[in-house]
Every structure is written in C-alpha cells, then in structure tokens.
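The next block holds one structure in the form of structure tokens; read it before the comments.
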Amino acid sequence: MDRLAFLDAVRVAGVVGEGGAGFPSHVKYAAEAETVIANGCECEPLLHTDQHHMLRHAERIVHALCQLKESTGAKRGVVALKRKYAQATEVLRTAIGNRSLDIALLDNFYPAGDEQVLVREVTGRSVPPLGLPLHVGVVVANVGTLVSVAQALDGVALTHKYLTVTGEVRKPGMVHVPIGTPLSACLDAAGGSSLVDPVFIIGGPMMGRLVDSAASLEKEVVTKTTGGLIALPRGHQLHVNATQPVPHLRNRAAAACIQCRMCSDMCPRQLIGHPFETHRVMRAFGAGAELADEAAAQALMCCDCGVCEHFSCPMGLSPRRINQAVKAELRSRKIGYDGSRAVGEERTQWREFRRVPVPRLAARLGISRYMDLPVADLGTLRPARVAIPLRQHIGAPARAVVAVGDLVRRGDLLGEIPDGALGARVYASIDGTVCSLGDVVVIAG
Ligand code: SF4
Ligand code: SF4
C-alpha cells in the first residue's frame, strides 16, 4: 500500500497508541525506521487484553505490521511477546507464514512491555535519556493498536475497545465495549464486585489510575486507551499507596530514606544506561532542594513504571510518586533537564539479573490471588448511552462537528483534528441522538 494512503487511512480512522498515553498513530508512523516492533508483551500483572488480541486477531496484527514495515521503509519487522504465551506464539507463527517477520520471545518480567525496555531487548540498542525509540531507528506499536490499524485499512473507524475486568469481581473476563461506555457497566458485565465497598484501578496495578469508590466509577468511561478495570478491597496497599498526600511523602523521604540506592539500581531506566539516580531525587526532595538542582531535574527521566516503590525500596517509600510531583512542578515552571543524554553501557551490565519477575511482583503487590483467575468472554456491551471525550489522546482536543439534537450512527465523525494541530479524530460508537456537547459528546440511543 502507498505510504501516504496508509497514513491517511490511520488518520481518518482516529487511531492512537492504545497501550500508552494515546499518541496519534498517523504522526508516529510517518517516520522512516529501520525496525518496527509489534508490542504484545503486556507486562502489567492481571491484564489479558493484548493476549486476547494476539489469540483472536493475529492475522490483523500481522497484516498491519507488514503495512507499517512497508510504510516506514523498515528492514526488519518483529512481533514481541512473552515466552510464556505459548498458544499466542503458535497462532502468530501461523499468521506470519512465509512473510518476512521475526518473533522475539521475552521472559516474564516487568516492565518488558515498556517501549524503551522492549527496544533494548529486541535490538540491543538503548533509546537515549528523554528520547524516543525513533532516535535509534525503531517504531513500536502495541498489538491492540495494530488491530485498529488493520480495521482502518478496511475503512473502519476506531469505535470499540476490549478490556480486562478482574480482581474482586464475580465473573472476571474480557469485555468488548463501545468507546464512551461507563466503566460501571463494564463492572456489571463482570457480575459486579464481590465486595461491599471496593476501590478500582483503571489500567494495570502498576501504572493504572485509582478510582476511590463505586460512585466515582459511574463518572468514568472507556476511552481509546483503556485496557483494564480492577476491583480491589478498600485499604489494599495499592489504594493506600496511591492516596498518600505529597507532604506526607516528603516527610517520609526526609525521615526514612536510608540512601541505600536500591531504587536507582533496580530502575529500568538506569538499567538501559540512563544517568538516572532516583535516590538522589529522593535526597533532594526530602531536603527541600531547589527544583533547578540537577538531582531534582533527573526526575524527568522517570517513566512512572513503579518498580522502585512497589518492589525495590526496603523502607516502603514512593520514589515514583515523588518523581511525579517533582516532574509536575518542573513542567509548570518550564524547567528542563540539561544534564547528560549519553547512554552509559556500564550501567546496563546488571540488566539481566535485575529484571523483576512478574509472580514475585504480584506477591509484593498483594494481588497473587487474582493472577490465575479465569478470563471469561463477557461479550459485547450495547449501552443505551455513551459519553465520548473529544480528547482521548496526546495533543489538541478534537473539534466537534455535530450539534445537540443530531442523529448519528456508529462510525459517524463527531470530532475533527483542528487545523495544523496534533490530534486524533473521534467517532460515534453507537447509533443515537447527540444530547449534550462540551468536552464530551453524549449520545443516547
Ligand atoms: S530504595 Fe528507598 S530507602 Fe533506598 S534510596 Fe531509594 S527511596 Fe531511599
Ligand atoms: S518509577 Fe521508579 S523505577 Fe520506574 S523509572 Fe521511575 S524511578 Fe525508575
């Protein structure tokens, strides 16, 4: 397929990176690359969404990856997944057939699915600090995103998502839903919670976002980047950790950090060679150092993976949350990182021995009992009402092209990319009437 036609089909369908923050795919894929990687590593414990895609949609993943390889001019195309996904590996091998794609099998460690860790594992090259995979000639695409790309090539817009619903629910499983579906409806599809007053995580247990009550969950909807919903007991360590106020974190950093540097030594960014020593951020933060301090500015290298606070720190401190607080402050004051951007190969020598095994991580997180829950097929939901945000991606919100009272059908355009802006189109996910319009388009069927 012609490169411009490929990119246009991806743009028109509103495809964004579904495994991360939602970067518009037509922009990401416009680059030239040496290697393209389909990322099926799904390292967050408890999530099965990418495995589901690989088992059910292998042909589409392979087709989209071949098109992406051709469009970027890449010499090498790789499907990367975990060695333990034996069935998915076989399905993918069959789908690949005699096409020129490799399969890379990774061990079951966290965060194998992090783009930069994956690039190092597959190519042996490290993305430079604060850089992108493209800086070493690589484009990475999540397997779920590639399924949406394959649909885009058939002229089908991104309107639906698969997500894992698990934890303290009566019937854990995989549900297929229109974008804009309330997450409370996804919980109901899984039989509701088995607890009276649960809390929830949207996404995975390591990097997901906490929602503090069932009432708050009513206001949350499925977006293009939602991959999971986990119900947990109130007071679970993940709940407690996520709700500690920043001043409390500062006091604890000042009082309890023993500067053992385990957080730095186990940090996946340091282990690919970045000059990132998060124990120095802890020291600077605890001591109330100036943000312009070189140690504090290192926080910008943190990818929020959570290994430090959920696995490394022997004192139960939260370097990740402290990095988040420091990063937010640095960005608001427009202070950047002007330290070294060199990759230090000497820092990578322990990488193989400091990978975090997922079962051990799950034990530390207190979620082992949910690890082997069955994954039922919960079918496709047909909600009577959806609330579709005009911004589900990095960049400018889509500009609404409908008005209150308009009749729309599934697949009709709701929001266009503003002229000259980075953004993504947004589409109706059900048939119905536009009954409210603002940052969110509400459609009632
Ligand atoms: S691992 Fe914990 S105690 Fe050790 S330096 Fe890091 S934050 Fe401090
Ligand atoms: S969250 Fe912790 S382990 Fe992960 S990149 Fe940031 S400092 Fe490193």
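Order of appearance sets the numbers: ligands from 1, and atoms from 1 within every ligand.
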Using a 3.5 Å cut-off and no angle test, enumerate the donor-acceptor pairs between side-chain atoms of residues 360-367 and protein atoms at least two apart in sequence or in another chain.
residue	atom	partner	partner atom	Å
R364	NH1	F311	O	2.4

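- Here H310 and Y110 keep their ring centres 6.0 angstrom or further from each other.
- A salt bridge links E121 to R351: one of the charged nitrogens lies within less than 4.0 Å of a carboxylate oxygen.
- What sits closest to atom 8 (Fe) of ligand 1 on the protein, heavy atoms only, is C257 SG, 2.3 Å.
- Close contacts between ligand 2 and F276 involve ligand atoms 7 (S), 8 (Fe) [criterion: under 4.0 Å to a heavy atom].
- Close contacts between ligand 1 and Q259 involve ligand atoms 5 (S), 8 (Fe) [criterion: under 4.0 Å to a heavy atom].
- Among all non-hydrogen protein atoms, the one lying nearest atom 3 (S) of ligand 1 is I258 N, 3.5 Å.
- By the 4.0 Å N-to-carboxylate-O rule, E115 lies close enough to K28 to be salt-bridged with it.
- Considering each of H279, M315, M282, the one bringing a non-hydrogen atom nearest atom 7 (S) of ligand 1 is M282.
- The residues R120 and E352 are annotated as not salt-bridged, no charged nitrogen and carboxylate oxygen being separated by less than 4.0 angstrom.
- By the criterion of a separation under 2.8 Å, the protein N/O/S atoms near atom 2 (Fe) of ligand 2 amount to C308 SG.
- When only non-hydrogen protein atoms are considered, atom 4 (Fe) of ligand 1 lies nearest to C260 SG, 2.3 Å.
- T164 and H48 form no side-chain donor-acceptor contact under 3.5 Å, judged by distance and modelled atom types alone.
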Determine, stepwise, if the pair L158 / E18 fulfils side chain to side chain contact (heavy atoms under 4.5 Å, CB included).
CA-CA 11 Å; L158 174 53; E18 295 179 32; 3.8 Å; yes
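- Annotation: the span from D50 atom CG to L81 atom CG amounts to 10.0 Å, rounded to 0.5 Å.
- A donor-acceptor contact closer than 3.5 angstrom is absent between the side chains of S148 and T145.
- Residue-ligand proximity, P314 to ligand 1, at heavy-atom distances under 4.0 Å covers atoms 1 (S).
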Evaluate N323 against T278 for side-chain hydrogen bond (donor to acceptor under 3.5 Å, both in side chains), listing each step before the verdict.
CA-CA 8 Å; N323 284 328; T278 195; 3.0 Å; yes
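- Scanning the protein for heavy atoms near atom 2 (Fe) of ligand 1, the closest one is C313 SG, 2.3 Å.
- Remark: ligand 1 atoms within the under-4.0 Å shell around heavy atoms of R261 are 4 (Fe), 5 (S).
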